[in-house]
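Quick note: residue numbers are just sequence positions, from 1. Everything quoted here is computed from the prediction, not taken from an experiment. One-based numbering, in listed order, for ligands and for the atoms of each.
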Amino acid sequence: QNHAFWDTQPVPKLDQVIEKNGPIETKTLDDVRKEPLSLPPQFEWSTIDVNDHAQLMDVYTLLNENYVEDDDNMFRFDYSVAFLKWALQPPGYLKQWHIGVRVKDNKKMVGFISAIPATVVVDKTENIKMVEINFLCVHKKLREKRLAPVLIKEITRLVNLENIWQAAYTAGIVLPKPVATCRYYHRSLNPKKLVEVGFSQIPANITMSLLIKLHKVPEATKHAFRPLEKKDVPSATLLVQKYLSKYSLAPTFDEHEIWHWFAPLKNVMDCQVLTDAQGNVTDLFSFYTLPSSIINHPKHKNLKAAFSFYNVATSIPVAELMQDALTVAKNNEFDVFNCLDIFENNQFIKDLKFAPGDGNLQYYLYNYSTPTKKSADIGLVLL
Ligand SMILES: COc1cccc(CC(=N)NC(=O)c2cccnc2OC2CCNCC2)c1
């Protein structure tokens with residue numbers, strides 16, 4: 001198809017075969033525009049201060065009403081206010097990378113895009129200081145007005161001004177050019193509700209009571225998991241770093257980043273660990289809370305979904321690690337547990353009764369060529 005915007009960007013063409021790794025274009029700070037991109041006259045740029053509750057609420061509401069829906073438009077992501085603050089303020093964040101677009105007359109927020117700093121390793125060799133782009137959203141009433149390309153160009157300009165030239169992002173659609181195409185899977189924890197809201201169907205010739213029985217999870221974890229604590233950070237950092245270094249696309253986390261991303265935070269982040277006799281973390285599971293609004297359902301308003309984050313098993317099998325994660329999620333009233341076929345997740349997806357979702361999540365790098373990866377080579381999770 002014609003990718004009018006993407007064909008002007010430093011990304012590989014869809015039909016390009018890539019042999020080696022490297023930036024697609026190299027520019028210096030002198031090449032970067034000093035003034036903001038132009039918007040249509042009725043709109044204005046508005047840097048969002050996420051410490052200002054009113055501005056954070058504007059972002060929450062824009063996304064709650066206009067962000068990503070499933071393929072059948074039955075569900076829409078409903079990132080919470082606490083989640084957005086957590087996701088947008090990791091160590092080293094810059095507030096000028098939280099970009100809003102408002103209507104000049106009434107200040108209504110109609111667009112948003114964000115970048116956060118990250119160090120990502122490609123093919124276990126290149127450590128790249130880059131950004132993760134997320135929460136690109138244009139109000140439903142302003143689609144097809146070419147606003148998204150302006151938001152992307154403006155965030156690129158503000159990232160380049162900090163001498164950063166690469167980015168990572170995901171999308172449910174195919175753009176030039178996926179680094180990896182990942183499948184998503186769901187493990188039903190509350191099958192009755194998932195059937196009632198149309199997320200799942202009852203398979204032919206089985207009853208609801210049998211479906212519930214089939215999806216029962218143990219009431220208690222098999223292993224002595226406990227929430228991550230600050231004292232665990234040094235050993236957890238070593239464990240996660242060692243694990244991620246095996247993957248062809250993966251972040252590095254220093255201790256500050258480990259504490260930000262993995263510290264338990266109610267309704268945002270769950271992370272539990274096993275430790276050895278010396279108190280070192282040997283196993284860790286983590287998942288984030290991302291509910292979805294159920295669009296126009298008479299009885300249920302929200303789907304409480306857990307999304308697998310980073311998981312490391314060294315003293316127990318990964319299937320036992322994730323079985324205990326499912327138990328913790330079920331005990332915290334989650335309706336469903338989602339994961340991608342990245343990491344070694346294919347080792348537990350079938351055994352733990354995950355079902356395939358109806359779409360793909362495409363991973364992308366901006367201004368960086370690298371040969372296409374298998375999803376099992378991916379060790380990066382975006383929120
Ligand atoms: C059930 O409610 C939904 C509401 C909106 C979209 C989807 C389908 C979907 N697009 N799912 C994912 O993108 C997905 C499925 C499994 C794991 N992570 C995922 O996306 C994450 C990572 C990328 N940013 C969104 C959250 C489902």
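Trp6 and Tyr169 have parallel rings, their planes meeting at less than 30° on a 0 to 90° scale where 60° marks the start of perpendicular. Between Phe287 and Phe337, the ring planes lie perpendicular to each other; the angle is over 60°, past the 30° to 60° tilted range.
Taking 4.0 Å as the cut-off between side-chain N and carboxylate O, Glu229 and Arg226 count as a salt-bridged pair. A salt bridge links Glu69 with Lys140; the closest basic N to acidic carboxylate O contact falls under 4.0 Å. The residues Lys107 and Glu44 are annotated as salt-bridged, a charged nitrogen and a carboxylate oxygen being separated by less than 4.0 angstrom.
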Quick one: table the atom pairs, ligand 1 N or O against protein N or O, below 3.5 Å, distance rounded to 0.1 Å.
residue, atom, partner, partner atom, Å
ligand 1, 2 (O), Ser292, OG, 3.0
ligand 1, 24 (N), Leu383, O, 3.1

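Residues passing the ring pair (Phe, Tyr, Trp, His ring centres under 6.0 Å) test with Phe112, sequence neighbours excluded: none.
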